[in-house]
Amino acid sequence: PVIDFVVISHNHYDHLDVPTLKALAQRNPQTVFFVPLGNGELLRSNNISHVVELDWGQQADFRSITIHCLPSRDWCASETLNVTCKDSCP
């Protein structure tokens with residue numbers, strides 16, 4: 001099936017796999033990739049051209065869907081260590 005859009009929450013290896021994203025973009029060059037602010041250049045440098053970067057509090061409309069970028073936390077270590085690494089969205 002055609003993939004209309006992809007939402008990337010943050011740039012950890014388990015959420016942003018560049019070879020997979022490149023394959024998706026090559027399969028359908030019109031796919032739009034929504035990424036947190038500061039992550040667009042990574043995709044563009046890998047020949048993924050339809051990239052929308054969102055900062056916290058921003059939103060973007062795609063057809064009849066609104067995508068919101070909200071602050072969240074991702075754990076970079078075991079949850080039992082209770083250590084946070086970086087903020088993420090959308």
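Not measured: the values here are computed from a predicted model. Count residues from 1 along the sequence. These numbers come from the heavy atoms of this one structure, side chains and all, not from hydrogens, waters or symmetry mates.
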Handout entry: Heavy-atom closest contact (Leu42 atom, Asn46 atom, distance)
Key = O-ND2, 2.8 Å
Practice task
Any side chain to side chain donor-acceptor pair (under 3.5 Å) involving residues 19-35? Give me the pairs, sequence neighbours left out, ordered by first then second residue.
Solution key: Asp17-Thr20
Exercise for the section: Mind listing the closest non-hydrogen atom pair of Phe62 and Val32 along with its distance? Expected result: CE1-CG2, 3.7 Å
Exercise for the section: Please examine the side chains of Ile8 and Asn39, heavy atoms only from C-beta on, and report whether any two atoms are closer than 4.5 Å. Expected result: no
Fill in the blank from the handout: What one should report as the nearest heavy-atom pair of Leu54 and Ala60 is CD2-CB, 4.0 Å
Problem - Identified side chain to side chain contact (heavy atoms under 4.5 Å, CB included) counterpart of Val35 within the set Leu43, Val52, Ile48 - result: Leu43
Practice task
Can you run down the salt bridge (Lys or Arg N to Asp or Glu O under 4.0 Å) pairs that involve residues 33-45, sequence neighbours left out, and say none if there aren't any?
Solution key: Arg44-Glu53
Exercise for the section: Determine, using the 4.5 Å side-chain heavy-atom cutoff (strictly less than), whether Phe5 and Val2 are members of one ILVMFWY cluster. Expected result: no
Problem - Set of residues satisfying side-chain contact (heavy atoms from CB on, under 4.5 Å) with respect to Thr66, sequence neighbours excluded - result: Gln59, Asp61, His68
Fill in the blank from the handout: When every non-hydrogen atom of Pro36 is compared with those of Ser9, the smallest separation belongs to CG-O, 3.2 Å
